[in-house]
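Right, one structure below, let's go through it.
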Amino acid sequence: MKRKILALLLISCMCVGTLAGCHGVGAPGNDSGVSSDSEVADRDTDEDDFSEKATDSEEMQNPVESENSEETEIEKKTTEYDKPEIDEPDTSVKDEPVVQEPKPDTPSYCGALQVIGNRLCDQYGDKVYLHGLSTHGIAWFPDYINEAAFKEFRYEWNANVIRLAMYTAEYGGYCSGGNKEQLKQLIRNGVEYATKNDMYVIVDWHILSDCNPHTNKSEAINFFREMSREFANHNNVLYEICNEPNGGTSWKDIKSYAEEVIPVIRENDKDAIIIVGTPNWCQYIGDAAADPITKYDNIMYAVHFYAATHTDWLRNDMVKAVNSGLPVFVTEYGICDASGNGAIDEYQANEWIRVMNENAISYCGWNISNKNETSAIFKSSCNKTSGWTEEDLSASGKWMYEMLRNTKLGD
Ligand code: IDC
(Lines give C-alpha, C1' and ligand atoms only; values in the text may rest on other atoms or scores of the structure.)
Protein backbone atom coordinates (compact mmCIF):
# COMPACT_ATOMS: atom_id res chain seq x y z
CA MET A 1 0.00 0.00 0.00
CA LYS A 2 1.09 3.53 -0.71
CA ARG A 3 2.48 4.86 2.50
CA LYS A 4 2.84 8.56 1.91
CA ILE A 5 -0.75 9.54 1.48
CA LEU A 6 -2.25 12.54 3.13
CA ALA A 7 -5.91 12.07 3.77
CA LEU A 8 -7.65 15.38 3.37
CA LEU A 9 -11.13 15.19 4.81
CA LEU A 10 -13.76 17.31 3.17
CA ILE A 11 -17.02 17.67 4.95
CA SER A 12 -18.63 18.08 1.61
CA CYS A 13 -22.21 17.48 2.66
CA MET A 14 -21.95 20.39 5.03
CA CYS A 15 -20.45 22.53 2.26
CA VAL A 16 -23.16 21.54 -0.19
CA GLY A 17 -25.78 22.36 2.40
CA THR A 18 -24.23 25.73 3.09
CA LEU A 19 -23.83 26.59 -0.57
CA ALA A 20 -27.36 25.48 -1.37
CA GLY A 21 -28.66 27.89 1.21
CA CYS A 22 -26.55 30.75 -0.05
CA HIS A 23 -28.28 33.10 -2.45
CA GLY A 24 -25.54 35.73 -2.59
CA VAL A 25 -23.56 33.99 -5.32
CA GLY A 26 -25.01 33.32 -8.71
CA ALA A 27 -28.39 34.88 -7.95
CA PRO A 28 -30.33 35.34 -11.16
CA GLY A 29 -31.19 38.77 -12.45
CA ASN A 30 -29.08 41.82 -13.10
CA ASP A 31 -25.48 40.60 -13.00
CA SER A 32 -23.87 43.80 -14.19
CA GLY A 33 -23.01 44.69 -10.60
CA VAL A 34 -24.50 48.14 -11.07
CA SER A 35 -27.76 48.89 -9.30
CA SER A 36 -30.36 51.10 -10.86
CA ASP A 37 -32.04 53.77 -8.76
CA SER A 38 -35.34 51.94 -8.84
CA GLU A 39 -33.69 48.71 -7.63
CA VAL A 40 -32.19 50.56 -4.69
CA ALA A 41 -35.57 52.01 -3.89
CA ASP A 42 -37.18 48.56 -4.15
CA ARG A 43 -34.61 47.15 -1.80
CA ASP A 44 -35.32 49.79 0.80
CA THR A 45 -38.96 48.86 0.64
CA ASP A 46 -38.13 45.16 0.81
CA GLU A 47 -36.01 45.68 3.89
CA ASP A 48 -38.87 47.42 5.62
CA ASP A 49 -41.18 44.61 4.60
CA PHE A 50 -38.69 42.06 5.81
CA SER A 51 -38.33 43.50 9.28
CA GLU A 52 -42.05 43.66 9.60
CA LYS A 53 -42.42 40.06 8.47
CA ALA A 54 -39.65 38.97 10.82
CA THR A 55 -41.55 40.40 13.72
CA ASP A 56 -44.66 38.65 12.55
CA SER A 57 -42.93 35.34 12.19
CA GLU A 58 -41.26 35.54 15.60
CA GLU A 59 -44.61 35.98 17.16
CA MET A 60 -46.59 33.63 15.03
CA GLN A 61 -44.31 30.87 13.85
CA ASN A 62 -42.52 29.63 16.91
CA PRO A 63 -44.48 26.74 18.24
CA VAL A 64 -41.62 25.74 20.55
CA GLU A 65 -41.70 29.04 22.32
CA SER A 66 -45.42 29.00 22.62
CA GLU A 67 -45.28 25.57 24.27
CA ASN A 68 -42.16 26.06 26.42
CA SER A 69 -40.87 28.97 28.36
CA GLU A 70 -38.03 31.02 26.78
CA GLU A 71 -35.68 30.12 29.65
CA THR A 72 -36.06 26.38 29.20
CA GLU A 73 -35.30 26.69 25.49
CA ILE A 74 -32.10 28.67 26.06
CA GLU A 75 -30.91 26.20 28.69
CA LYS A 76 -31.54 23.32 26.37
CA LYS A 77 -29.60 24.90 23.52
CA THR A 78 -26.63 25.66 25.74
CA THR A 79 -26.45 22.09 26.97
CA GLU A 80 -26.68 20.65 23.47
CA TYR A 81 -24.00 23.00 22.24
CA ASP A 82 -21.40 22.44 24.90
CA LYS A 83 -21.53 18.75 25.47
CA PRO A 84 -20.37 16.85 22.40
CA GLU A 85 -17.18 18.79 21.76
CA ILE A 86 -15.74 17.94 25.14
CA ASP A 87 -17.24 14.62 26.15
CA GLU A 88 -18.00 12.75 22.96
CA PRO A 89 -15.61 12.34 20.08
CA ASP A 90 -17.11 13.52 16.81
CA THR A 91 -17.53 10.43 14.71
CA SER A 92 -19.63 12.09 12.05
CA VAL A 93 -16.73 12.41 9.56
CA LYS A 94 -16.52 8.62 9.18
CA ASP A 95 -18.81 8.40 6.26
CA GLU A 96 -17.72 11.57 4.51
CA PRO A 97 -15.83 11.26 1.20
CA VAL A 98 -12.06 11.20 1.56
CA VAL A 99 -10.00 13.12 -0.97
CA GLN A 100 -6.46 11.85 -1.11
CA GLU A 101 -3.84 14.47 -1.78
CA PRO A 102 -0.23 13.67 -2.59
CA LYS A 103 2.28 14.52 0.06
CA PRO A 104 4.99 16.80 -1.21
CA ASP A 105 8.21 14.89 -1.77
CA THR A 106 10.06 16.71 0.96
CA PRO A 107 12.51 15.47 3.60
CA SER A 108 9.91 15.46 6.37
CA TYR A 109 7.85 12.90 4.45
CA CYS A 110 10.43 11.11 2.35
CA GLY A 111 13.46 11.08 4.62
CA ALA A 112 16.75 9.75 3.30
CA LEU A 113 16.59 9.09 -0.41
CA GLN A 114 17.78 5.93 -2.09
CA VAL A 115 18.21 4.67 -5.62
CA ILE A 116 16.27 1.54 -6.46
CA GLY A 117 16.95 0.28 -9.96
CA ASN A 118 16.68 3.32 -12.23
CA ARG A 119 14.54 5.35 -9.80
CA LEU A 120 15.10 7.89 -7.08
CA CYS A 121 13.04 6.73 -4.12
CA ASP A 122 12.19 7.78 -0.60
CA GLN A 123 13.04 5.98 2.62
CA TYR A 124 10.09 3.63 2.09
CA GLY A 125 11.03 2.74 -1.45
CA ASP A 126 8.38 4.87 -3.15
CA LYS A 127 9.27 6.99 -6.17
CA VAL A 128 10.33 10.57 -5.45
CA TYR A 129 10.12 13.58 -7.74
CA LEU A 130 12.46 16.46 -6.97
CA HIS A 131 11.62 19.66 -8.82
CA GLY A 132 13.45 22.87 -8.14
CA LEU A 133 15.99 25.47 -9.07
CA SER A 134 19.72 25.90 -9.25
CA THR A 135 21.56 28.94 -7.99
CA HIS A 136 23.91 30.74 -10.34
CA GLY A 137 27.54 30.67 -9.17
CA ILE A 138 27.33 31.28 -5.43
CA ALA A 139 30.56 33.32 -5.56
CA TRP A 140 28.89 35.82 -7.89
CA PHE A 141 25.38 35.83 -6.50
CA PRO A 142 25.76 35.06 -2.80
CA ASP A 143 22.84 37.22 -1.68
CA TYR A 144 20.22 34.82 -2.97
CA ILE A 145 21.33 32.39 -0.30
CA ASN A 146 19.09 33.71 2.42
CA GLU A 147 16.37 32.10 4.46
CA ALA A 148 13.47 34.19 3.17
CA ALA A 149 14.36 33.32 -0.43
CA PHE A 150 14.52 29.59 0.30
CA LYS A 151 11.23 29.75 2.12
CA GLU A 152 9.69 31.40 -0.93
CA PHE A 153 11.13 28.80 -3.28
CA ARG A 154 9.64 26.07 -1.14
CA TYR A 155 6.23 27.46 -0.33
CA GLU A 156 5.57 29.94 -3.16
CA TRP A 157 7.35 28.25 -6.02
CA ASN A 158 6.56 24.72 -4.86
CA ALA A 159 10.21 23.65 -5.18
CA ASN A 160 11.45 20.77 -3.06
CA VAL A 161 15.10 20.94 -4.08
CA ILE A 162 17.72 23.67 -4.47
CA ARG A 163 21.05 23.15 -6.13
CA LEU A 164 24.00 25.16 -4.83
CA ALA A 165 26.34 25.73 -7.79
CA MET A 166 29.91 26.45 -6.76
CA TYR A 167 32.16 27.09 -9.75
CA THR A 168 35.63 25.68 -9.44
CA ALA A 169 37.69 27.28 -12.22
CA GLU A 170 35.92 30.47 -13.28
CA TYR A 171 36.81 33.85 -11.84
CA GLY A 172 36.42 33.74 -8.05
CA GLY A 173 35.84 30.00 -8.15
CA TYR A 174 36.86 27.56 -5.45
CA CYS A 175 40.07 26.55 -7.23
CA SER A 176 40.74 29.86 -8.97
CA GLY A 177 41.37 32.37 -6.25
CA GLY A 178 37.93 32.35 -4.64
CA ASN A 179 37.64 32.70 -0.88
CA LYS A 180 37.31 29.03 0.11
CA GLU A 181 36.05 29.74 3.62
CA GLN A 182 33.39 32.13 2.37
CA LEU A 183 32.29 29.71 -0.31
CA LYS A 184 32.01 26.83 2.17
CA GLN A 185 30.06 29.07 4.50
CA LEU A 186 27.63 29.84 1.68
CA ILE A 187 27.20 26.11 1.13
CA ARG A 188 26.57 25.62 4.86
CA ASN A 189 24.05 28.44 4.87
CA GLY A 190 22.30 27.05 1.82
CA VAL A 191 22.07 23.61 3.42
CA GLU A 192 20.75 25.16 6.61
CA TYR A 193 18.05 27.20 4.85
CA ALA A 194 17.02 24.23 2.73
CA THR A 195 16.80 22.08 5.84
CA LYS A 196 14.75 24.66 7.73
CA ASN A 197 12.34 24.83 4.83
CA ASP A 198 11.98 21.10 4.30
CA MET A 199 13.86 20.87 1.01
CA TYR A 200 16.51 18.64 -0.46
CA VAL A 201 19.73 20.38 -1.43
CA ILE A 202 22.42 19.52 -3.95
CA VAL A 203 26.03 20.51 -3.29
CA ASP A 204 27.38 21.02 -6.80
CA TRP A 205 31.11 21.02 -7.60
CA HIS A 206 30.61 23.13 -10.70
CA ILE A 207 33.44 22.26 -13.03
CA LEU A 208 33.18 23.92 -16.43
CA SER A 209 36.23 25.62 -17.97
CA ASP A 210 38.39 23.10 -16.11
CA CYS A 211 36.80 20.49 -18.43
CA ASN A 212 38.17 17.34 -16.84
CA PRO A 213 37.29 16.63 -13.20
CA HIS A 214 40.78 15.25 -12.63
CA THR A 215 42.11 18.81 -13.09
CA ASN A 216 41.09 19.80 -9.57
CA LYS A 217 40.62 16.35 -8.09
CA SER A 218 42.62 16.83 -4.91
CA GLU A 219 40.67 20.02 -4.10
CA ALA A 220 37.45 18.13 -4.81
CA ILE A 221 38.45 15.33 -2.47
CA ASN A 222 39.25 17.74 0.37
CA PHE A 223 36.06 19.70 -0.21
CA PHE A 224 33.79 16.68 -0.24
CA ARG A 225 35.55 15.11 2.74
CA GLU A 226 34.92 18.22 4.79
CA MET A 227 31.37 18.82 3.59
CA SER A 228 30.22 15.23 3.94
CA ARG A 229 31.63 15.11 7.44
CA GLU A 230 29.66 18.20 8.36
CA PHE A 231 26.46 17.04 6.72
CA ALA A 232 26.72 13.40 7.75
CA ASN A 233 23.62 13.69 9.92
CA HIS A 234 21.53 15.41 7.26
CA ASN A 235 19.23 13.23 5.22
CA ASN A 236 18.50 15.97 2.69
CA VAL A 237 21.94 16.60 1.17
CA LEU A 238 22.88 15.23 -2.25
CA TYR A 239 26.36 15.54 -3.74
CA GLU A 240 27.02 16.38 -7.39
CA ILE A 241 30.68 15.72 -7.82
CA CYS A 242 31.40 17.20 -11.26
CA ASN A 243 28.96 19.50 -13.00
CA GLU A 244 29.81 19.18 -16.70
CA PRO A 245 32.88 17.39 -17.92
CA ASN A 246 33.66 18.57 -21.43
CA GLY A 247 36.52 19.24 -23.82
CA GLY A 248 36.81 15.63 -24.87
CA THR A 249 36.84 14.18 -21.35
CA SER A 250 35.81 10.56 -21.67
CA TRP A 251 33.43 8.60 -19.48
CA LYS A 252 36.37 6.44 -18.52
CA ASP A 253 38.09 9.52 -17.07
CA ILE A 254 34.97 10.64 -15.26
CA LYS A 255 34.37 7.19 -13.87
CA SER A 256 37.87 6.93 -12.49
CA TYR A 257 37.48 10.36 -10.85
CA ALA A 258 34.13 9.31 -9.38
CA GLU A 259 35.62 6.14 -8.00
CA GLU A 260 38.12 8.25 -6.07
CA VAL A 261 35.68 10.85 -4.77
CA ILE A 262 32.73 8.59 -3.90
CA PRO A 263 34.60 6.59 -1.23
CA VAL A 264 35.65 9.84 0.44
CA ILE A 265 32.01 10.83 0.82
CA ARG A 266 31.05 7.29 1.81
CA GLU A 267 33.51 7.38 4.71
CA ASN A 268 31.22 9.94 6.33
CA ASP A 269 27.90 9.23 4.74
CA LYS A 270 27.13 5.67 3.80
CA ASP A 271 24.09 6.35 1.70
CA ALA A 272 23.77 9.94 0.48
CA ILE A 273 22.79 10.27 -3.16
CA ILE A 274 25.83 11.07 -5.31
CA ILE A 275 25.31 12.43 -8.82
CA VAL A 276 28.00 12.02 -11.44
CA GLY A 277 28.31 14.25 -14.53
CA THR A 278 28.56 12.67 -17.96
CA PRO A 279 30.71 13.56 -21.00
CA ASN A 280 30.15 16.49 -23.35
CA TRP A 281 28.37 18.80 -20.86
CA CYS A 282 26.23 15.96 -19.52
CA GLN A 283 24.90 14.84 -22.86
CA TYR A 284 26.62 11.51 -23.50
CA ILE A 285 24.48 9.66 -21.02
CA GLY A 286 24.70 6.51 -23.13
CA ASP A 287 28.39 6.20 -22.27
CA ALA A 288 27.53 5.98 -18.57
CA ALA A 289 24.66 3.58 -19.27
CA ALA A 290 27.07 1.29 -21.10
CA ASP A 291 29.52 1.22 -18.22
CA PRO A 292 27.92 2.36 -14.96
CA ILE A 293 29.61 2.59 -11.58
CA THR A 294 28.86 -0.67 -9.82
CA LYS A 295 30.98 -0.54 -6.70
CA TYR A 296 28.66 1.84 -4.85
CA ASP A 297 24.95 2.26 -4.19
CA ASN A 298 22.84 5.38 -4.53
CA ILE A 299 24.66 6.75 -7.56
CA MET A 300 22.86 8.78 -10.21
CA TYR A 301 23.97 10.25 -13.53
CA ALA A 302 23.41 13.78 -14.80
CA VAL A 303 21.79 14.88 -18.05
CA HIS A 304 21.71 18.64 -18.75
CA PHE A 305 19.67 20.26 -21.48
CA TYR A 306 18.91 23.71 -22.83
CA ALA A 307 15.64 23.44 -24.67
CA ALA A 308 16.45 25.73 -27.59
CA THR A 309 19.61 23.72 -28.33
CA HIS A 310 18.96 20.16 -27.19
CA THR A 311 15.88 18.48 -28.54
CA ASP A 312 14.57 15.02 -29.39
CA TRP A 313 17.90 13.30 -29.78
CA LEU A 314 19.02 14.07 -26.23
CA ARG A 315 15.58 13.29 -24.83
CA ASN A 316 15.62 9.97 -26.63
CA ASP A 317 19.10 9.15 -25.38
CA MET A 318 17.99 10.01 -21.87
CA VAL A 319 14.92 7.77 -22.02
CA LYS A 320 16.97 4.99 -23.56
CA ALA A 321 19.47 5.21 -20.71
CA VAL A 322 16.67 5.16 -18.12
CA ASN A 323 15.06 2.19 -19.81
CA SER A 324 18.36 0.38 -19.77
CA GLY A 325 18.35 0.78 -15.97
CA LEU A 326 20.35 3.98 -15.42
CA PRO A 327 19.14 6.38 -12.70
CA VAL A 328 19.17 9.87 -14.25
CA PHE A 329 18.87 13.27 -12.59
CA VAL A 330 18.57 16.47 -14.67
CA THR A 331 20.44 18.67 -12.22
CA GLU A 332 20.49 21.61 -14.63
CA TYR A 333 18.33 22.75 -17.52
CA GLY A 334 17.33 25.95 -19.23
CA ILE A 335 14.53 26.77 -21.60
CA CYS A 336 16.72 29.02 -23.76
CA ASP A 337 19.88 28.01 -25.65
CA ALA A 338 23.01 26.42 -24.24
CA SER A 339 24.76 29.77 -23.78
CA GLY A 340 22.20 30.48 -21.05
CA ASN A 341 20.93 33.22 -23.32
CA GLY A 342 19.04 33.62 -26.62
CA ALA A 343 15.42 32.85 -27.34
CA ILE A 344 13.19 30.59 -25.28
CA ASP A 345 11.79 27.46 -26.91
CA GLU A 346 8.61 26.76 -24.98
CA TYR A 347 7.53 23.87 -27.15
CA GLN A 348 10.76 21.98 -26.52
CA ALA A 349 10.75 22.98 -22.87
CA ASN A 350 7.27 21.51 -22.41
CA GLU A 351 8.30 18.36 -24.21
CA TRP A 352 11.22 17.97 -21.84
CA ILE A 353 9.05 18.44 -18.79
CA ARG A 354 6.52 15.94 -20.11
CA VAL A 355 9.15 13.30 -20.78
CA MET A 356 10.94 13.87 -17.47
CA ASN A 357 7.67 13.62 -15.53
CA GLU A 358 6.67 10.48 -17.41
CA ASN A 359 9.97 8.89 -16.50
CA ALA A 360 10.03 10.13 -12.89
CA ILE A 361 13.19 12.13 -13.57
CA SER A 362 13.98 14.94 -11.14
CA TYR A 363 15.13 18.36 -12.35
CA CYS A 364 16.52 21.78 -11.38
CA GLY A 365 16.16 24.92 -13.50
CA TRP A 366 19.09 27.27 -14.18
CA ASN A 367 19.37 29.93 -12.64
CA ILE A 368 18.54 31.93 -9.50
CA SER A 369 19.94 35.36 -10.38
CA ASN A 370 19.12 38.66 -11.98
CA LYS A 371 21.98 38.46 -14.46
CA ASN A 372 21.17 40.02 -17.79
CA GLU A 373 20.73 36.69 -19.58
CA THR A 374 17.66 34.72 -20.62
CA SER A 375 18.18 31.88 -18.17
CA ALA A 376 18.17 34.14 -15.08
CA ILE A 377 14.80 33.87 -13.37
CA PHE A 378 14.72 37.49 -12.23
CA LYS A 379 14.75 40.60 -14.38
CA SER A 380 18.08 42.42 -14.29
CA SER A 381 16.21 45.47 -13.00
CA CYS A 382 15.12 43.52 -9.92
CA ASN A 383 17.51 43.82 -7.02
CA LYS A 384 15.38 42.06 -4.44
CA THR A 385 16.74 38.89 -2.88
CA SER A 386 13.35 37.74 -1.58
CA GLY A 387 9.77 38.99 -1.53
CA TRP A 388 9.42 38.82 -5.30
CA THR A 389 6.26 39.56 -7.23
CA GLU A 390 5.33 38.50 -10.74
CA GLU A 391 6.74 41.73 -12.20
CA ASP A 392 10.18 40.78 -10.88
CA LEU A 393 10.33 37.58 -12.93
CA SER A 394 12.00 37.26 -16.33
CA ALA A 395 10.29 35.22 -19.04
CA SER A 396 12.29 32.14 -17.89
CA GLY A 397 11.32 32.90 -14.30
CA LYS A 398 7.63 33.13 -15.14
CA TRP A 399 7.74 29.89 -17.08
CA MET A 400 9.55 28.04 -14.29
CA TYR A 401 7.30 29.51 -11.64
CA GLU A 402 4.17 28.41 -13.48
CA MET A 403 5.59 25.00 -14.27
CA LEU A 404 6.64 24.32 -10.67
CA ARG A 405 3.34 25.57 -9.30
CA ASN A 406 1.37 23.41 -11.70
CA THR A 407 3.41 20.28 -11.16
CA LYS A 408 2.21 18.29 -8.20
CA LEU A 409 4.97 17.05 -6.00
CA GLY A 410 4.67 13.46 -4.98
CA ASP A 411 2.36 10.79 -6.31
C1 IDC B 1 26.68 30.09 -17.54
C2 IDC B 1 26.01 31.30 -16.92
C3 IDC B 1 26.71 32.55 -17.33
C4 IDC B 1 28.17 32.42 -16.96
C5 IDC B 1 28.76 31.17 -17.57
C6 IDC B 1 30.20 30.97 -17.08
O7 IDC B 1 24.65 31.31 -17.27
O8 IDC B 1 26.15 33.68 -16.71
O9 IDC B 1 28.88 33.55 -17.40
O10 IDC B 1 28.03 30.04 -17.20
O11 IDC B 1 30.92 30.31 -18.01
C12 IDC B 1 26.01 25.18 -18.51
C13 IDC B 1 26.79 25.36 -17.28
C14 IDC B 1 26.48 26.67 -16.63
C15 IDC B 1 26.28 27.76 -17.66
C16 IDC B 1 25.04 27.40 -18.47
C17 IDC B 1 24.67 28.44 -19.52
O18 IDC B 1 26.64 24.32 -16.36
O19 IDC B 1 27.54 27.01 -15.77
O20 IDC B 1 26.06 28.96 -17.00
N21 IDC B 1 25.25 26.11 -19.11
O22 IDC B 1 25.69 28.59 -20.44
N23 IDC B 1 25.93 24.08 -19.24
C24 IDC B 1 25.16 24.31 -20.31
C25 IDC B 1 24.72 25.61 -20.23
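Computed from a predicted model, the values in this text were never measured in an experiment. Read the numbers this way: they start at 1 and go in the same order the structure lists the ligands and their atoms.
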Pair [X] + [Y]: basic N to acidic O under 4.0 Å:
X      : Y      : value
Arg188 : Glu192 : no
Arg405 : Glu402 : no
Asp291 : Lys255 : yes

message = Using a 6.0 Å distance limit plus a 45 degree cone around the ring axis, check whether Lys180 lies over the aromatic ring of Tyr174.
response =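 Yes.
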ask   = Can you name the residues that come within less than 4.0 Å of ligand 1, going by heavy atoms only?
value =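 Ligand 1 pocket, heavy atoms under 4.0 Å: His136, Tyr167, His206, Leu208, Asn243, Glu244, Tyr306, Glu332, Ala338, Ser339, Gly340, Trp366, Lys371, Glu373.
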request  = Give a yes or no answer on whether the side chain of Asn160 reaches the backbone of His131 with a donor-acceptor pair at less than 3.5 Å.
outcome  =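 Side chain of Asn160 to backbone of His131: a pair is present.
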inquiry  = Run the side-chain hydrogen bond (donor to acceptor under 3.5 Å, both in side chains) test against Thr135 and tell me which residues pass, sequence neighbours left out.
reply    =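 For Thr135, no residue satisfies side-chain hydrogen bond (donor to acceptor under 3.5 Å, both in side chains) once neighbours in sequence are set aside.
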